[in-house]
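All values reported here derive from a predicted model rather than from experimental measurement.
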Amino acid sequence: MMSQMPQLAACPSCEEPLESGDRFCGACGYDLTAVPAPPDDNPTVAVNGAAPRPPSAAASVDWPVAPEVDTSDTPAPVVLPTDIDGRESAGSDSPGVRFDRPGQPPSPRAAPPLPPSPAQAPGPVAQPAAQPAAQASAQASAEPDEYPLAAPLPPEVAPADPRTADLPTPPAGLKVCVACRAGQVDRDGYCENCGHAQPRERDHMEQELGSVAAVSDRGLRHHRNEDAFTVSSTALSDGSPAVVAIVCDGVSSATRPDEASLAASRAANESLLAALPRGTHPQQAMHDAILAASEAVNSLADRSTPAHEHQPHVNAPACTIVGSVVTPSLLIVGWVGDSRAYWVPVDRSSPPARLTEDDSWAAQMVAAGLMSEAEAYADERAHAITGWLGADAYELEPHTASFKPDRPGVVVVCTDGLWNYAEAAEEMAEVIPPDAADRPLHSAQVLVGHALDGGGHDNVTVAVVPFPAPSQGAGSA
C-alpha cells in the first residue's frame with residue numbers, strides 16, 4: 001500500500017530527487033518499493049528512578065555481653081554496633097568522604113577519521129551512470145547467493161591447529177595464551193598474538209577450611225577482582241578452637257586497590273593467628289589486627305609523592321576491611337568501611353541481625369540526626385565511604401564488637417558486592433541456605449550466585465562462619 005511505502009527524498013541508487021508517490025526512479029529505474037522501511041527511532045532506555053531502599057534496623061538480639069578481659073586483667077570496653085555514631089575517627093563535623101567507585105566514566109576512545117564527503121573531496125566527483133531497471137535486475141541476479149569455500153590445504157602445507165598441535169614449552173617465566181595457545185602473555189595479562197585477555201587467578205577464588213569457607217568472584221562488570229579474603233583456624237591459649245575470616249574490598253577510585261585488599265587481609269590474618277594463641281582477648285586481637293592491616297596498606301603508598309597537609313599521599317592504595325573470630329562461646333567482629341557482617345541463626349524463627357555499622361555518608365547523616373534513613377539512603381552520596389585503610393585516610397579508629405550468642409547460627413562476612421543485593425538482615429537470611437552451618441562452602445557459593453544473578457555490578461566476596469566453633473576445628477592453618 002502506498003501509505004506503507006517509505007517516503008524517500010532521493011533515489012538510493014543515483015540520488016535523483018523523487019516526488020511523493022514515486023514507485024520507480026525516473027533516472028535509473030530503481031525499484032523504490034524494495035527499499036526497506038527505516039526502523040522506528042524510539043530506543044528503549046531502562047531508567048530506575050526509584051530511591052534505594054534504606055536498610056532496616058537490625059533486629060534486637062538479646063545476647064549476654066561477653067566479658068572483656070585482656071592480658072592485663074583490665075576490662076576492655078565492649079563496642080556494640082548501636083554505640084557507633086558513624087562519624088569519622090577524627091570526630092570532626094566535616095569528615096572526609098571517599099567514593100569507592102570511580103567518579104568519572106572512562107574517556108571514550110578516539111574514533112578513526114571518516115573519509116571525506118563528496119563536498120569535501122578534492123576534484124570532481126563522478127556520479128553513477130543511469131541504467132535501465134532491467135539491466136540492474138540482470139546484474140543483481142548474476143551474483144551468486146552463496147560463495148563456495150576454497151578447498152583445504154594439504155596437511156603438509158596447512159598451519160597446525162594451535163588447539164591440538166604439540167606446541168613447544170614456553171621459556172621459564174612466560175605464559176602462553178589460553179585462546180590461541182601460540183602467543184605469549186604480556187605483563188598486563190593480554191596475548192601478544194591475538195590480544196585475548198587471560199583469566200586471572202583472582203577472578204574466582206574458593207576456599208574451604210574445616211567449618212569455614214569463602215568465595216570471591218570478579219562479578220560481571222569489573223575488569224578485575226579487587227576483593228580479597230583469608231580464612232584460617234587456630235587454638236586459644238586454653239586449647240579451645242578459634243575460626244578466623246577476613247574480607248577486604250579494594251577502593252576502586254584509589255590506585256592498586258587489588259594490592260591493598262590482598263595486603264590487608266593477609267596482615268590481619270597473620271596478626272590474629274599470632275595473638276590468639278598467646279592469650280590475647282579476641283576483641284583486642286581483632287583491634288590490633290585491623291591496625292596491622294592498616295600498616296600493610298600504608299606501606300604500599302608511593303612515598304615519593306609530595307606531602308600535603310591533610311592528604312599526605314593523595315589517591316594512595318586503599319581498602320575496607322571486616323573480620324570475624326568465632327570461638328565456642330564468643331563471636332567477635334571488627335571493621336572499617338562499608339563491608340559488613342550478618343548473624344543468621346540456624347533456627348530461622350529467631351531474628352537475624354546486622355552486626356556492623358557502615359562508615360558511610362548515609363550512616364553519618366542518620367547518626368547525627370540530620371536526615372532520616374529514607375532521606376539519607378535516597379541521596380546519591382549514600383554509599384560514599386568515610387572510613388578506609390590507606391595512607392590518605394584520617395586517624396584510624398577500628399570498630400570492634402563482642403557478642404555471646406545463646407543459639408547456633410552462622411556469621412556472613414561480606415563486601416558490598418553481596419549486600420547490595422540483600423541489604424537487610426531478613427533479606428540475607430532468606431538467601432542463605434537453611435543448612436549453611438553444615439555446608440558453608442555451598443552456602444557461600446549460593447550467596448555469590450545470588451549477587452551475580454542480580455546483576456553482578458561489583459566484585460563479590462563472602463565468608464560463611466558457623467557458630468559455635470566446633471572442637472574438631474582446632475589447629476593452625
Side-chain angles (χ1 to χ4, degrees), residues 66 70-71 205-216 227-248 261-290 292-293 296 321-335 339 341-346 355-356 400-405 407-415 432 435-445 447-448 461-477:
D70 57 19
T71 52
M205 300 178 292
E206 297 185 2
Q207 185 177 0
E208 185 176 29
L209 180 66
S211 61
V212 60
V215 177
S216 181
D227 290 355
F229 70 82
T230 55
V231 292
S232 59
S233 62
T234 186
L236 302 179
S237 58
D238 61 359
S240 59
V243 180
V244 175
I246 302 292
V247 169
C248 297
S261 62
L262 185 62
S265 63
R266 289 177 174 177
N269 183 68
E270 293 172 359
S271 176
L272 285 167
L273 294 183
L276 293 173
R278 293 200 304 260
T280 306
H281 189 276
Q283 186 169 355
Q284 182 64 46
M286 177 63 74
H287 179 276
D288 297 342
I290 295 177
I321 186 171
V322 61
S324 174
V325 175
V326 170
T327 74
S329 60
L330 287 177
L331 164 58
I332 309 296
V333 293
W335 73 98
S339 293
Y342 291 83
W343 164 260
V344 179
V346 170
L355 305 178
T356 58
T400 61
S402 178
F403 305 98
K404 200 170 187 178
R407 66 204 68 184
V410 294
V411 185
V412 178
V413 186
C414 64
T415 62
I432 192 169
D435 60 352
D438 299 323
R439 303 174 65 192
L441 178 59
H442 172 259
S443 300
Q445 293 168 340
L447 292 174
V448 170
T461 302
V462 57
V464 177
V465 191
F467 175 90
S471 58
Q472 63 268 24
S476 60

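- Between V243 and A469 the shortest heavy-atom distance is CG2-CB, 4.0 Å.
- Nearest heavy-atom pair, P405 versus W343, reported as atom, atom and distance to 0.1 Å: CB-CH2, 3.8 Å.
- Every residue two or more places apart in sequence or in another chain that forms a salt bridge (charged side-chain N to carboxylate O under 4.0 Å, His left out) with R439 is listed here: D435.
- Every side chain to side chain contact (heavy atoms under 4.5 Å, CB included) that A267 has, sequence neighbours left out, goes to A296.
- The structure places CG of L272 at 7.5 Å from OG of S232, a figure rounded to the nearest 0.5 Å.
- V326 has its side chain out of reach of V212: every pair of non-hydrogen atoms, C-beta onward, lies at least 4.5 Å apart.
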> H281 and L330: side chain to side chain contact (heavy atoms under 4.5 Å, CB included), yes or no, with the steps?
Replying inline: CA-CA 10 Å; H281 189 276; L330 287 177; 4.1 Å; yes
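- The heavy-atom pair separating P277 from T234 by the smallest distance is CG-OG1, 3.5 Å.
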> Hey, mind stepping through T230 and V244 against side chain to side chain contact (heavy atoms under 4.5 Å, CB included) and telling me if it holds?
Replying inline: CA-CA 8 Å; T230 55; V244 175; 5.7 Å; no
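- Rounding to the nearest 0.5 Å places CG of L276 at 11.5 Å from CD of Q284.
- Looking at L447, V247, V465 one by one, the single match for side chain to side chain contact (heavy atoms under 4.5 Å, CB included) with V412 turns out to be L447.
- P282 and I332 get closest at one heavy-atom pair: CB-CG1, 3.5 Å.
- With values rounded to the nearest 0.5 angstrom, L441 atom CG is found 12.5 Å from S211 atom OG.
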>> Under the criterion side chain to side chain contact (heavy atoms under 4.5 Å, CB included), I'd like the reasoning laid out for V462 against V448: C-alpha separation, chi angles, the key distance, then a yes or no.
In response: CA-CA 7 Å; V462 57; V448 170; 3.6 Å; yes
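- Of all the heavy atoms in A289 and S271, the pair that sits closest is CA-OG, 3.5 Å.
- A distance of 10.5 Å separates CD1 of I432 from NE2 of H442, quoted to the nearest 0.5 Å.
- Side-chain N or O atoms of S261 include none that pairs as donor or acceptor with a backbone N or O of C248 at under 3.5 Å.
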> L355 and W335: side chain to side chain contact (heavy atoms under 4.5 Å, CB included), yes or no, with the steps?
Replying inline: CA-CA 10 Å; L355 305 178; W335 73 98; over 6 Å; no
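- Atom-to-atom distance recorded for I246:CD1 and F229:CZ is 12.5 Å, nearest 0.5 angstrom.
- Across all non-hydrogen atoms, the minimal contact from S324 to V411 is OG-CG1, 3.9 Å.
- With sequence neighbours excluded, the residues that form a side chain to side chain contact (heavy atoms under 4.5 Å, CB included) with S329 are T327, K404.
- Partners of T415 under the side chain to side chain donor-acceptor pair (under 3.5 Å) rule, at least two apart in sequence or in another chain, are D227.
- Rounded to the nearest 0.5 Å, atoms OG1 (T400) and CE (M286) are 8.5 Å apart.
- Under the side chain to side chain donor-acceptor pair (under 3.5 Å) criterion, Q445 pairs with E206, sequence neighbours left out.
- In this structure, the side chain to side chain donor-acceptor pair (under 3.5 Å) partners of S216, at least two apart in sequence or on a different chain, are N225, T461.
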